[in-house]
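Computed from a predicted structure; not experimentally measured. Here, residue 1 is the first one in the sequence, and each next residue gets the next number.
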Amino acid sequence: MNCSNCRFFPFRKNFVNYFNQKSIHEECGVLGIYCPENGHSISRKIYYGLIALQHRGQESAGISMHSNQHISGYKALGLVYNVFSDRIINGLLGRVGIGHVRYSTTSVSSIENAQPFNCQLPKGEFSIAFNGTLTNFIDLQKRYSDQYSFKTSTDTEVIVYILSKYIQETGYDYFEAIKLVMNELQGAYSITLVNNKGELFGFRDPLGFKPLCIGTIEDIDTKVIASESVALDIINAKLERDIKPGEIVMINDNGLESKIALKNSRKATCMFEYVYFARPDSIFNGKTIYDVREKLGIELAKTSLVDADYVVPIPDSGRTAAAGFSKESGIPLCEGLMKNRYVHRTFIMPGQQQREISVRMKLNAVKSKIKGKDIILFDDSIVRSTTARNIISLLKKSGAGKIHFRVSCPPIVDSCYMGIDFPSSQQLIAATHTIEEIRKKIGADSLVYQSLDGLIRSIGLKENQLCLACLTGKYPLDLIDKETLEKELNIERNIN
Ligand code: 5GP
Ligand code: MG
């Protein structure tokens, strides 16, 4: 297989190996659009969709378009609106294409990691955008090591290799090839793919960890596949449904074809999409994320009410749950912390000291509101506890009275190998400390986390439809060799 990592690609004859990344965790946003006719500026629609998915990844952005039996595209490091100029978008011709935004981690930030990934085969080309993490990529690498010499230890290289193998073996029947590939992959994946025949695919792992939905721009009969429904809203596409776990959707000139390639009655929707990751205005599994977050706050108000002057959210991630708490308790909501909106997550800040400075760069207290007041402080999650500790110290320095910390997620005690970029379990504060120890460490007057039941009730899905592994240590997949994965993932991340 031939792969390209050039910013601009039509594919070149020379083989360019893009697989030199070490970090394999991918929390990203993917998109795909199929329009039956020319003249509707599809690359521009993909661009707008990626802007709506920007929260899912700020490190790099890319678009691949099918045009004249070829795939061409552009990708670079940076936020979507920095990566693409008008000139570049206008140069990306075609009526079928995919897009990708990649999450920022503290691993080396390089163009080689940027997606979509492109692969040239003897009789075809394809490009994929991938969100997720494979848990069996090491096994797969071993299985195929006599046929192909893998350049890196990354799951993306494994997916692209196996895809290219089956595409060729099936005589370029992509639908069939994807089915065969899905039989071998384990873990979380939501993928869009475009090929040189102008076919668009969307497919999702059988447990459905990561979101992927489909909608239509009705007046131009155009199908849109996206990580989140907010990417449909921005281009006036109507949400039809989620792509089902284990489903492959293919859209070409004959219309839409769909097949459940893999069935599993167990599902494993990532609870963290509801708690933190997805945008509050997105709909996932028929539930608006905002409503779930508001319920998380209401649950906490029912179980952990204290006397206080204000409920103060940590922006932006604590805001919706804080509103729910305030609504239920009658304690007024006060935006006592202000965010510097120009400091982005793209700041790569390894190391604890840098992380602390990064919190201070992002947030400041409204002193006149805070001074002498008892506060219920709200955030979505505590991971290492850096954010909580720094913000409580900031509020105390600003003259706050008592600070009662409320967390809309239960304690995170185990790492994630399915796409959320949590650090290794030794660095998770709740894995090594009691709640009372954490309270002392962050300097709060009281600390209450969401209960597991409260979380499940708020999401409104059955427990066996959710992945709660980071909260319970019970992984929905067998065969997780945690030690090896932890080593290979080399987890280290950039939080805010
Ligand atoms: P901590 O400071 O405790 O290590 O992390 C908790 C903070 O990180 C919370 O404010 C939460 O909103 C944020 N957070 C949690 N998960 C993620 C993530 O995956 N990415 C980013 N950028 N921030 C996160
Ligand atoms: Mg936050």
Side-chain angles (χ1 to χ4, degrees), residues 1 3 19 24 26 30 32 98 116-117 119 121 124 126-148 150 153-195 197 199-212 214 225 242-252 256-270 417-419 464-465 467 469 475-481 484-485 488:
M1 78 182 167
C3 306
F19 292 116
I24 59 158
E26 304 280 345
V30 302
I98 60 170
F117 285 122
C119 185
L121 301 169
F126 70 92
S127 185
I128 68 165
F130 168 49
N131 172 210
T133 304
L134 295 189
T135 49
N136 67 335
F137 72 97
I138 300 165
D139 289 348
L140 290 171
Q141 263 190 343
K142 279 189 201 137
R143 190 183 310 165
Y144 291 111
S145 58
D146 54 338
Q147 299 175 26
Y148 178 72
F150 289 92
S153 83
T154 70
D155 51 357
T156 315
E157 183 181 18
V158 170
I159 293 182
V160 174
Y161 170 70
I162 305 178
L163 258 172
S164 66
K165 169 181 139 68
Y166 284 123
I167 289 166
Q168 291 172 86
E169 282 177 18
T170 56
Y172 293 80
D173 180 340
Y174 279 74
F175 204 97
E176 206 43 46
I178 291 170
K179 238 169 46 186
L180 294 169
V181 171
M182 284 171 72
N183 276 323
E184 300 192 12
L185 306 183
Q186 259 189 40
Y189 53 90
S190 284
I191 294 177
T192 54
L193 181 152
V194 63
N195 62 22
K197 298 192 247 179
E199 295 168 328
L200 174 69
F201 292 85
F203 52 104
R204 220 175 144 205
D205 66 80
L207 292 175
F209 288 97
K210 301 271 117 198
L212 195 65
I214 183 161
I225 297 173
D242 290 319
I243 290 184
K244 296 189 191 87
E247 182 180 8
I248 309 170
V249 167
M250 173 177 81
I251 306 153
N252 62 17
L256 184 147
E257 196 178 324
S258 142
K259 186 164 208 125
I260 303 292
L262 292 171
K263 280 202 182 113
N264 195 331
S265 57
R266 170 80 162 100
K267 300 286 178 291
T269 298
C270 169
Y417 310 102
M418 284 82 65
N464 73 353
Q465 305 292 293
C467 179
Y475 290 83
L477 293 158
D478 333 314
L479 286 178
I480 280 198
D481 172 0
T484 317
L485 279 168
E488 290 295 337

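- Here the closest non-hydrogen pair linking L207 and P476 is CD1-O, 3.8 Å.
- Nearest heavy-atom pair across K210 and C270 is NZ-SG, 4.0 Å.
- For the atom pair CG of L180 and CG of L185, the computed distance is 11.0 Å after rounding to the nearest 0.5 Å.
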Check against side chain to side chain contact (heavy atoms under 4.5 Å, CB included), M250 and I178: CA-CA 10 Å; M250 173 177 81; I178 291 170; over 6 Å; no

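- Residues I98 and L193 fail the side-chain proximity criterion, which asks for heavy atoms closer than 4.5 Å.
- In this structure, CD1 in I260 is found 5.0 Å from NZ in K244, a value given to the nearest 0.5 Å.
- Considering all non-hydrogen atoms of both residues, A177 and T170 come closest at CB-OG1, 3.9 Å.
- I191 places a side-chain heavy atom less than 4.5 Å from the side chain of I159.
- Scanning all heavy atoms of the two residues, the minimum distance from A188 to F130 falls at O-CE1, 3.9 Å.
- Atom CE in M182 sits 11.0 Å away from atom CG in L163 (nearest 0.5 Å).
- Of all non-hydrogen atoms in V160 and F117, the two that sit nearest each other are CG2-CB, 4.4 Å.
- When all heavy atoms of Y166 and V181 are compared, the closest pair comes out as CD1-CG2, 3.7 Å.
- Counting only residues at least two apart or in different chains, salt bridge (Lys or Arg N to Asp or Glu O under 4.0 Å) contacts with residues 181-190 comprise R143-E184.
- Atoms CG and NZ, on L121 and K165 in that order, are 13.0 Å from each other to the nearest 0.5 Å.
- Within the 3.5 Å criterion, the main-chain N or O of G32 finds no donor-acceptor partner in the side chain of T192.
- By the 4.5 Å heavy-atom criterion applied to side chains, V249 and L212 are not counted as neighbours.
- One N or O on the side chain of D205 and one on the backbone of Y189 form a donor-acceptor pair closer than 3.5 Å.
- Atom CD of E157 is separated from atom OH of Y148 by 4.5 Å, given to the nearest 0.5 angstrom.
- Between S258 and E247, some side-chain heavy-atom pair lies under the 4.5 Å cut-off.
- In this structure, the side chains of N195 and Y172 stay at 4.5 Å or more apart for every pair of heavy atoms.
- Side-chain atoms of T133 and Y417, non-hydrogen and from C-beta on, never get closer than 4.5 Å to each other.
- Side-chain atoms of S127 never come within 3.5 Å of backbone atoms of V194 as a donor-acceptor pair (strictly under, hydrogens ignored).
- In this structure, the side chain of N131 does not engage the main chain of V30 through any donor-acceptor pair within 3.5 Å.
- Using a 4.5 Å heavy-atom cutoff, the side chains of F175 and K259 are in contact.
- Separation of atoms CG (N252) and NZ (K197) is listed at 8.5 Å; rounding is to 0.5 Å.
- With a 4.5 Å cut-off on side-chain heavy atoms, L477 and F209 count as touching.
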Side chain to side chain donor-acceptor pair (under 3.5 Å) between Y161 and Q141, worked out: CA-CA 10 Å; Y161 170 70; Q141 263 190 343; over 6 Å; no

